[in-house]
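Scroll down for the structure; my scribbles are underneath it.
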Amino acid sequence: MDSILVRGNGPLNGQIPIAGAKNACLALMPATLLSEEPLTLTNAPRLSDIRTMTQLLASLGAEVTALQDGKVLATSCHGEINPVADYDIVRKMRASNLVLGPLLARLGHAVVSLPGGCAIGARPMDIHIDALTALGAEIELKDGYLHAQAKGGLKGAVHEMRFASVGATENFLMAAVLAKGTSVLKNAAREPEIVDLAQCLRAMGAQIEGEGTSDIVIEGVDRLHGATHPVVTDRIELGTYMLAPAICGGEVECLGGRIALVESFCEKLDAAGISVEETARGLKVKRKNGRIRAVDVVTEPFPGFPTDLQAQMMALLCTAEGTSVLEERIFENRFMHAPELMRMGAKIEVHGGHATVHGVEKLKGAPVMATDLRASVSLILAGLAAEGETVVSRVYHLDRGYERVEDKLRAVGAHIERVKES
């Protein structure tokens, strides 16, 4: 397994291009199962998770071709479809469950393994099951697989989710677009990735209203057609790279960024003493004056502070002036990066869903281990601000969500390299 070697250095300056959103693309790709006509996705990120979804779709009978160095994905599903999503592929990635809704809508039946992914909490499938059951599906768990069928086809319904799950909202949307009649999803997730999926489905001929709000209305249609759709900017990659000059000093422009994607995050940066300016090409980020100030953070569904930026924010607050409290309300077991940051000299106390961070003057480089996707990049950010060398091991997590992270950070002056291990 590869490692990332980071040497603490001074200010970062320059531009970082932000890729298309991983979480949006992983929902958009299964939409090809809904139509016999081609779906082309532009601004696609080049990540291992995208390759896993490509492998899964191919196993189901879809064709996915990467063009323009992987930035364009040409997809099609015009032949015979295999309704079984096998464990060997699905176990690698949580988002694999997003084929369940489209398969049910297109075929009326599906057999999908329970998914895997980062070890950051249970993330149960019951919210997905309840949403699809509301549309008339019958779903039974047998031997680790969800066996789903809709004998008379899916039918429109009103359903209120007990939690605003992004994945369940996406599965419901893709199932409801081909259901008979009108469907209303209440307490729907409001994330930009949901809006992006709805816009893509609308381009394919779906009738959807209300995306970006807590109530989404879908009028079922008989069929969808092909379309070309640009993947929305990755707000988590955006927030991550915004923190690089915040931690190290300097000024970095994140190309393709918009404040609307990370508004609650920007509010916390402002309170911590970091300036964010919207430009014609993206977002320009720099410290205002002196040392970062401590701030409290509570993770919440969009438009609240993203759970996927909590680990990176903790890395920033390790050297802030004062004491910060981070409360994790989305996933249990998501402070596994804290002990690794403590190896670098951070002062952190974790009690259940709360982490108290006492800022220190300086972190020190150390060998650390990535425990999940966002934790891996938080350790890299911490290493950029630490004295000496930091070696981050188990970075296979990193490649699931960040494309060419070393190249992007080196381009703005970071001392970072990938160490290949035999």
Side-chain angles (χ1 to χ4, degrees), residues 23 26-27 30-31 33 49 53 56 83-87 89-151 153-179 183-191 193-194 197-198 211 214-216 218 299-302 304 306-308 328-334 352-353 372:
N23 289 338
L26 291 174
L33 297 170
D49 271 10
M53 183 61 79
L56 175 59
V84 181
D86 194 73
Y87 168 77
I89 305 175
V90 174
R91 67 180 175 83
K92 300 176 184 177
M93 184 179 66
R94 177 73 184 177
S96 299
N97 62 28
L98 295 177
V99 302
L100 180 57
L103 286 173
L104 266 174
R106 178 86 175 264
L107 300 178
H109 60 278
V111 179
V112 178
S113 171
L114 292 176
C118 287
I120 57 172
R123 298 194 285 185
M125 283 292 293
D126 59 335
I127 303 176
H128 297 249
I129 293 169
D130 289 346
L132 296 173
T133 300
L135 295 172
E138 297 176 1
I139 302 176
E140 183 181 3
L141 176 61
K142 291 190 295 186
D143 301 323
Y145 282 78
L146 294 173
H147 294 251
Q149 60 178 341
K151 294 178 181 177
L154 296 174
K155 297 178 176 59
V158 177
H159 176 66
E160 182 170 357
M161 295 196 299
R162 61 177 175 80
F163 175 79
S165 162
V166 173
T169 299
E170 291 165 341
N171 254 327
F172 186 94
L173 270 177
M174 288 189 280
V177 291
L178 293 180
S183 298
V184 181
L185 183 62
K186 295 181 174 292
N187 194 30
R190 300 161 59 186
E191 274 76 356
E193 295 81 11
I194 300 295
L197 175 60
E211 71 274 10
S214 56
D215 289 356
I216 304 177
I218 308 105
T299 64
E300 295 176 311
F302 189 86
T307 180
D308 281 348
E328 176 59 59
R329 291 185 178 178
I330 306 300
F331 294 124
E332 71 274 24
N333 199 30
R334 208 175 193 183
D372 61 65

Pairs under 3.5 angstrom only: tabulate donor-acceptor contacts from the side chains of residues 96-108 to other protein residues two or more places apart or in another chain.
{"from": "Ser96", "atom 1": "OG", "to": "Met93", "atom 2": "O", "distance (Å)": "3.0"}
{"from": "Asn97", "atom 1": "ND2", "to": "Arg94", "atom 2": "O", "distance (Å)": "3.3"}
{"from": "Arg106", "atom 1": "NH1", "to": "Leu33", "atom 2": "O", "distance (Å)": "2.6"}
{"from": "Arg106", "atom 1": "NH1", "to": "Ser35", "atom 2": "O", "distance (Å)": "3.3"}
{"from": "Arg106", "atom 1": "NH1", "to": "Cys77", "atom 2": "O", "distance (Å)": "3.4"}
{"from": "Arg106", "atom 1": "NH2", "to": "Cys77", "atom 2": "O", "distance (Å)": "3.0"}

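Nearest heavy-atom pair, Ala168 versus Met161, reported as atom, atom and distance to 0.1 Å: CB-SD, 3.7 Å. Nearest heavy-atom pair across Gly156 and Ala179 is N-CB, 4.0 Å. In terms of heavy atoms, Asn171 sits closest to Leu132 at O-CD2, 3.9 Å. Nearest heavy atom pair, residue Leu154 against residue Gly136, reads CD2-C, 4.5 Å. Looking at every heavy atom in both residues, Ala189 comes nearest to Val166 through CB-CA, 3.7 Å.
Proximity of Ser165 to His128: side-chain heavy atoms (C-beta onward) are separated by under 4.5 Å at one or more points. Taking the side chain as every heavy atom from C-beta outward, Leu173 and Glu170 never approach each other to under 4.5 Å. Between Arg329 and Pro301, every side-chain heavy-atom pair lies at or beyond the 4.5 Å cut-off. Within the 4.5 Å cutoff, side-chain heavy atoms of Met174 are placed close to those of Leu197. In this structure, Lys186 and Val158 have side chains that are in contact, with non-hydrogen atoms separated by less than 4.5 Å. Contact annotation: the side chain of Arg334 approaches that of Asp308 to within less than 4.5 Å [non-hydrogen atoms, C-beta and beyond]. Here the side chains of Arg162 and Asp126 are in contact, with some heavy-atom distance below 4.5 Å.
Residues that satisfy the salt bridge (charged side-chain N to carboxylate O under 4.0 Å, His left out) test with Asp49, not counting sequence neighbours, are Lys22, Arg400. Annotation: salt bridge (charged side-chain N to carboxylate O under 4.0 Å, His left out) contacts of Glu211 (sequence neighbours excluded): Arg202. With sequence neighbours left out, the salt bridge (charged side-chain N to carboxylate O under 4.0 Å, His left out) criterion links Asp86 to no other residue. With sequence neighbours excluded, no residue satisfies salt bridge (charged side-chain N to carboxylate O under 4.0 Å, His left out) with Glu160. With sequence neighbours left out, the side chain to side chain contact (heavy atoms under 4.5 Å, CB included) criterion links Ala176 to Leu135, Phe172, Ser183, Ile218.
If you take CD1 on Ile139 and CD1 on Ile129, they are separated by 5.5 Å, rounding to the nearest 0.5 Å. The distance from atom CZ of Phe302 to atom OG1 of Thr307, rounded to the nearest 0.5 Å, is 14.5 Å. Between the CZ atom of Arg190 and the CG atom of Asp215 there is a distance of 10.5 Å, given to the nearest 0.5 Å. Distance check: Asn187 CG to His159 NE2 gives 9.0 Å after rounding to the nearest 0.5 Å.
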task = I would like to know whether Val90 and Leu114 meet side chain to side chain contact (heavy atoms under 4.5 Å, CB included); could you show each step before the answer?
result = CA-CA 7 Å; Val90 174; Leu114 292 176; over 6 Å; no

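Within a 6.0 Å radius of OH in Tyr145, other residues, nucleotides and ligands contribute more than 12 heavy atoms.
Within the 3.5 Å criterion, the main-chain N or O of Ile330 finds a donor-acceptor partner in the side chain of Glu328.
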